[in-house]
K.L.:
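Here's a structure for you.
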Amino acid sequence: MADLVLGLAKSAVQGTLTAAKSAIEEEEKLKKNMQRDLMLISDEFEMMHSFLNASKERATDEMVRTMVRQVRNMALDVEDSIESVVLIDMKSQWWRRLLPSCMVAAKPAAALDDAVTAMELLKSRVEAMGQRNERYMHIGDSHSKPTEKTDRQAIADATAVGILIEARDAKKHSSPGDLIELISKIENVLPLQVISLWGATGDLGVASIIKKTCDNPEICTNFTCRAWVKLMNPFNLHEFIRSLLAQFYANSSSQQGSTIDFLKPIDLMIATEVTLIEEFMKQVSGQRYLVFLEDVSSAVDWEAVRAYLPDMKNGSCIVVHTQQLEVASLCVGQSHRVLELEQFSADHSVCVFFNEKKRGSPRGLVELINKKYHALPLQVISVFGPVGNLRVESIMKNTCNEDPEMCRAFMCRARVKLMHPFNRQKFIRSLLKQLYKNYCPQHGNDVDFLKLNGMMMGTEGILIEFVKQVLSNRRYLVFLEDLSSMDDWKAVRELLPDEDNSSCIIVHTQQLELARLCVGQPERVFELQQFSADDHSVRIFFNESMDEDVERAIKTETAKKWLQKYEVVGPQADIRSLSDVRGRGVRSVYGIAGVGKSFIVKYVYNKQVTDQRRIFKKFGWVDVSHPFNLRDFSWSLLLDFHSGSLQHDSMQRIKDPIQDCRELLRQNDCLIVIDGLQSTEEWDLINAAFSFEHDSRSLVIVIANKQSVATYCSKFRWSIQGLEIDDAVELFKRRASKRHQSFWPSDPSPAVIEEVKSVLYKCGGLPKVIISVADVFASGWRFNNDYFMQALETLPAFGRLRNLFSWVHSYFDTCPDSIKPCIFYLSIFPVNHKIRRRRLVRRWVAEGYSMDTREMTADEDGEKSFAELCKLNMIQVPGTTTRLSYFTRIPLYKVNGFFREYIISRSMDENLVFALEGHCSLNSQRTGRHLTIGSTWDRDRIVYDSIDFSHLRSLTVFGEWEPFFISGQMRLLRVLDLEDASSVTDGDVELMVKQLPRLKFLSLRGLEEITRLPDSFGTLRLLQTLDIRHTSIVKIPASITNLQKLQHIRAGTAVPMDDDSSTVASHPPAPASAPAPPPPPEAASASSSMSKPRASTLVSQLRLPKFWTSRGRHLPGSRNGGIELPRGMGKMTALHNISVIDVSIASGRAILEELKNLRQLRKLGVSGIKRENCQELCSVISSVHAHLTSLSVWLDKNQAGCLDAISLLPKKLHSLKLYGHVDKLPAWIKLLPDLRKLKLQMDMITQDEVVLLTYLTSLNTLCLSSKEFQYGELRFRGVFVQLQVLEITCNSRLEAVTFEPPVMPGLKFEPQALPAGLNTTVPQVMPRLEVLKISCCNVSSLKFSGLKQQLGNVSEVSLSGSYDDKVKQHLQSQLEEHPMKPVFKVEPHSVVSY
């Protein structure tokens, strides 16, 4: 969190610099000595800004942190003082300074004097801070070092805790129990094994473990050459080998019966380095060795030692002791396990790292058979070796009689020695006798046993048929010893059926060529055992293609078990999108840690593994290790490609794993998952080696936390979001109910569910956190909501979250400094509260978090910060994909609950936000810059009056308003946000204006009780944003024209529909009461469910305006839903946004004339347009066209062609809304290249007008409503290239909606951003459409055609309103045939009235 503190301070200093320089330029308002002071302060703060940049690496130093905090507070105080000077109106009050001081009229001059005095005091404080800083030598002091752990150390410690928890958990379910048992498991056919010993917090106990192991008799017997060496730094090869040989000699001499010839200690002392190396290589070449390396401190030391400890493939072992967790992991290599050997205290244990996968060849014939029984076709293995070698017979007997795994796998087992010449009858009787002898009642049944015994005396023909029947119905294992000819082999094969049941035949022969012929091509061979230097080795032959069957079978079986074990809750849209494997190349999946990216991809991966269509031949999953090494990556990929098969022994012969991977990718259709990619540099190395981007055969899925990495890897990317509340509850219940002796009730009451929800909201939809919380709940423990994050971070029960918190710490610290104040600001809003984007952005502007720069305006800077927080998943769209929300500009968002709790949990010194919720006690420390009053607070005035508001900058109220919330101390308040509060009166507003002169943001949105603004409103000279939308205010006071800094006026309310019953209005009129407050968190979240695609909730966010589906409440005295503006608005040149203006009044034309002067307008909403004033509106649009991005127009009746007179088109227009009586579209609409959102309410939509819309190549949201439809149908033809959301509001006059293939010869598509797997060679009318919404009014018959062929990417279709069931059934049947299987959402509807 140290970097977050710096980010806050740097933002404050930057804001102060801007304010100071701006004030200096306004010379006429300042005394010369004040200008001088401001210049000095400005220079000083530039140095402070540099200091903050330089302090980033030392932010954990307590003294530096204190200094940073002082700089931040000083910057805010200076900025407040500068604003107090700007507020003094010197121009209008200059004459007051000529009056005697005894006269009352001299007050403004006195205010200026006070401001000057305050500025001088601040200058002194700034100078004192500089002197204090120099005195404590914290600028440029090279000897100053942090006294606390660095962030990197903290992360490493957290990782160590996570490893320790994993090791202890593994100990409960795994063996071996100690190091002796682990080493004893090593067989003499294994390659060199490396084991690491690591102490969690020190070396306590390590020496005793090594000593105990060295002295163990079994270890001494198995390893003749043993040594325990402490590595010296720097590494000395000569002394290292001398020490090894000396210990080899000492340990060999102490062992009775040893005949090994070693150099004597005296010879070792005088031997040269060359002699020592030759002697060492001679000893380790012929003997198994066990070497303990103590205190390996780095990977460099390990590599130096490892080069001189050869792998003789004889089961030797190296045990590495290290204090470094990373070194312990690196020495062992990929796919290692960690196990606790011994626990000495709660936080200290000795753990062992070992690699179970590192095995070059099978242990022997037993393991080979055990691996091969997974393959479905009959398997044939040949054993070549001298028949007199009793070891072969021993191996065969052990294989038949002593391996329980094989006993379970093969119910029928027989070993038959073939006679020469071959005799059918003797062979079949011998086979039957063996089947009876080796039959295991434990794995079979008594009936089969008796049948085998009873058939002994049958004739040859009966025996043959019986044996074939037995072996056809059961998996069998038959050993044929001493096969001498191909004719004999053919005769035997006729008697042993192949029913594709994974049976196996082992053929022993003394003829090499015969061994090969029995197996067939392509063959592979490996040496099974060599018993002495004079003994011939036994060689095993098997069919190489058999490995692919085994590999597939094992992977399939593993995948099936995984799918049976784990259930998917929620993200069906994610699974559906990722399961579309029609395309090849690279796709990327991203999301924050703990959100379940790997789980979802694993589910899709395993589904493909078990798919009977076998779209892919090879499957590989690679967990990227760090630091990244391309060669290790290639090895891991090869190992996973061949997991379960016998390709591992060939790994030892591979010289270039990268080239082998290339060859395998070239020859096969592969599905590859690369999990844990952290940087673009890693992807550059991978892609350069394997050219995944140009691979037409393989599909590669990259999993990353960062969106920037995912975007870099692929144009086709998918964001994994957290679970919505319904799915979070479902996952919680499933997990809690599975726990043994769970305290979770089988039928929880609604009260219990609500308790759980209150906790799950804070989990941010992260499955990893939800599962941990469920486990704790099931154990009977309950949360204190006030200490939720503290419990997750500190309680041992949440140990599995340690790595997640390590990531979160790093995640926050690496955020850009410019958005860190915005991050803290998010904690103002309650958990699960829906936030409008513009509300938050304009608050940031008022707070100074977003400022004008040379490149962009403050609003644009705020939008950029908002987008950045969305990319970081700190702000999310409920129930939809981030990708869709970016394109469609969804208005409602919410803060990720987990991140919100993390922010709140930080210390009060860093968090400037404090909240009043529930029942609060008196607390003198309850202070800060931002106050939020929750709806649950008991409105205790005693507590409220005890708070220091002198530095308060923002006040946000949820729930009921109380008059005492306004305090005389709040002179610095910039933001007052009362959106959707209650009980606010006109008198309260008048008091606000009087006591809060520095307001920059005022929102009274949704307060129907407010009917007017006071005449004194013009005193709020710093006001930037005024939001009075959905209030009862119909007229703005004339004094508003004094507000030269005002940029945004949001006013008006819903406009009523025409009374024509044929319109889409079908619902009853809304009551004339206040707008319904937002639903409670439970209801809001329950409305969306991740069991459907995330686009499902998107529909509710993209609803048509209220007046499209109901008779919306409108302002008393305003029939157009707009407000009346005063004359003089033309001089308010800073205005960016003004809507909705009612120009149907007498002064309407004059107001329109004044609007021509507002050349900075970005957004304009006008109602009451009719033939008398339409020319003036066209003139206004032409005048303000340069920056206009949003235009909303409400038209009266009979206004044909009233918008055609616009001479200069607003080419930057992004949003166009035409409401009321639109008889036809203006022709110029097709000339708007950047138009993204179009909402139309028309009298009649013609086919030509639909075609006209195809010229809007940037359009992504289209909403259509009409009274009449040409020919009773709506036909979409052409290509809507970018359209993602289509809403159609229809009535009984619409009979058909048709999507036709575009007829556009030569049309070419750009593939970027098209859905993965989409066929870009066949144009579709809406290739990117994801959401289709149909709203009906008395619709009895409506046909759809072309949904399957022309809307290839649609993920959700919704139907609402009043319609006949035939409409629903027809639409549902269309969607069932769609390859994407879109969700069909049927909202509650009313019955059609005939």
Side-chain angles (χ1 to χ4, degrees), residues 570-577 580 718-719 721 724 876-893 1087-1105 1108-1109 1215 1217 1235-1240 1253 1256 1258-1265 1274 1276 1279-1290 1297 1299 1313-1316 1318 1324-1336 1342 1344 1346-1361 1367-1368 1371-1372 1374-1376 1378-1387 1389:
Q572 298 300 318
D574 298 332
I575 292 172
R576 184 175 61 249
S577 177
D580 182 4
W718 189 262
S719 170
Q721 301 292 304
E724 289 297 308
Q876 298 175 328
V877 181
T880 186
T881 63
T882 304
R883 177 185 62 180
L884 197 55
S885 67
Y886 285 159
F887 285 125
T888 55
R889 307 272 290 192
I890 305 302
L892 293 180
Y893 297 78
S1087 65
S1088 61
S1089 171
M1090 287 297 292
S1091 63
K1092 298 177 180 179
R1094 289 197 176 80
S1096 61
T1097 307
L1098 174 65
V1099 172
S1100 64
Q1101 308 290 350
L1102 293 173
R1103 294 190 184 279
L1104 301 172
W1108 286 33
T1109 54
S1215 174
K1217 303 170 186 177
L1235 192 65
R1236 301 169 190 169
K1237 180 184 293 186
L1238 179 62
K1239 294 189 176 182
L1240 299 174
L1253 299 181
L1256 303 175
S1258 299
L1259 191 68
N1260 57 51
T1261 301
L1262 175 61
C1263 305
L1264 296 177
S1265 174
L1274 193 55
F1276 293 95
V1279 180
F1280 294 80
V1281 181
Q1282 298 289 346
L1283 195 65
Q1284 293 183 290
V1285 178
L1286 174 63
E1287 300 183 14
I1288 302 173
T1289 303
C1290 55
V1297 177
F1299 301 92
L1314 277 174
L1318 191 64
Q1324 296 182 355
V1325 63
M1326 296 178 185
R1328 294 180 177 84
L1329 191 77
E1330 296 191 27
V1331 176
L1332 172 63
K1333 180 178 181 182
I1334 309 296
S1335 298
C1336 300
L1342 181 60
F1344 295 87
L1347 292 178
K1348 174 183 177 182
Q1349 299 83 2
Q1350 299 304 313
L1351 306 184
N1353 193 49
V1354 66
S1355 60
E1356 184 202 274
V1357 177
S1358 71
L1359 181 65
S1360 62
V1367 177
K1368 182 183 74 172
L1371 185 54
Q1372 188 168 11
Q1374 291 278 307
L1375 297 178
E1376 288 174 352
H1378 199 285
M1380 290 293 288
K1381 303 300 180 186
V1383 170
F1384 184 35
K1385 182 178 180 181
V1386 180
E1387 299 182 2
H1389 70 291

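For reference, positions follow the sequence shown, starting with 1.
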K.L.:
Are the side chain of Arg1328 and the backbone of Val1281 linked by a donor-acceptor contact shorter than 3.5 Å?
P.N.:
yes

K.L.:
For Phe1276, give me all partners under ring pair (Phe, Tyr, Trp, His ring centres under 6.0 Å), at least two apart in sequence or on another chain.
P.N.:
Phe1280, Phe1299

K.L.:
Taking all heavy atoms of Leu1283 and all of Thr1261, pick out the closest pair and write down the distance.
P.N.:
CD1-N, 3.8 Å

K.L.:
Locate the shortest heavy-atom distance separating Val1354 from Pro1382; write the atom from each residue and the value.
P.N.:
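Heavy atoms only, the tightest pair is O-CB, 3.6 Å.
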
K.L.:
Can you confirm whether Glu1330 sits close enough to Val1285 that some side-chain heavy atom of one is under 4.5 Å from a side-chain heavy atom of the other?
P.N.:
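No, their side chains stay 4.5 Å or more apart.
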
K.L.:
Is a side-chain N or O of Ser1358 found less than 3.5 angstrom from the main chain of Lys1333, in a donor-acceptor match?
P.N.:
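A pair under 3.5 Å: no.
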
K.L.:
Measuring from Glu1287:CD to Leu1332:CG, what's the distance to the nearest 0.5 Å?
P.N.:
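One finds 9.5 Å between CD of Glu1287 and CG of Leu1332.
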
K.L.:
Mind listing the closest non-hydrogen atom pair of Leu1371 and Val1357 along with its distance?
P.N.:
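Scanning both residues completely, I find the closest heavy atoms to be CD2-CG1, 3.9 Å.
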
K.L.:
How long is the span from the CG atom in Leu1262 to the NZ atom in Lys1237, to the nearest 0.5 Å?
P.N.:
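It is 12.0 Å, given to the nearest 0.5 Å.
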
K.L.:
Which atom names give the shortest non-hydrogen contact between Glu1356 and Lys1385, and what distance separates them?
P.N.:
OE1-CD, 4.4 Å

K.L.:
Can you list everything that forms a side chain to side chain contact (heavy atoms under 4.5 Å, CB included) with Gln1372? Sequence neighbours excluded, please.
P.N.:
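Scan of Gln1372 (side chain to side chain contact (heavy atoms under 4.5 Å, CB included), adjacent residues dropped) gives Glu1376, Phe1384.
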
K.L.:
Tell me if a side-chain donor or acceptor on Gln1324 pairs with a main-chain N or O of Gly1352 at a distance below 3.5 Å.
P.N.:
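Side chain of Gln1324 to backbone of Gly1352, a donor-acceptor pair under 3.5 Å: yes, one is there.
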
K.L.:
Report yes if the side chains of Leu1286 and Leu1351 come closer than 4.5 Å at any heavy-atom pair, otherwise no.
P.N.:
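SC-SC contact between Leu1286 and Leu1351 ruled out.
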
K.L.:
Locate the shortest heavy-atom distance separating Val1367 from Leu1342; write the atom from each residue and the value.
P.N.:
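Shortest heavy-atom separation between Val1367 and Leu1342 comes out as CG2-N, 3.8 Å.
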
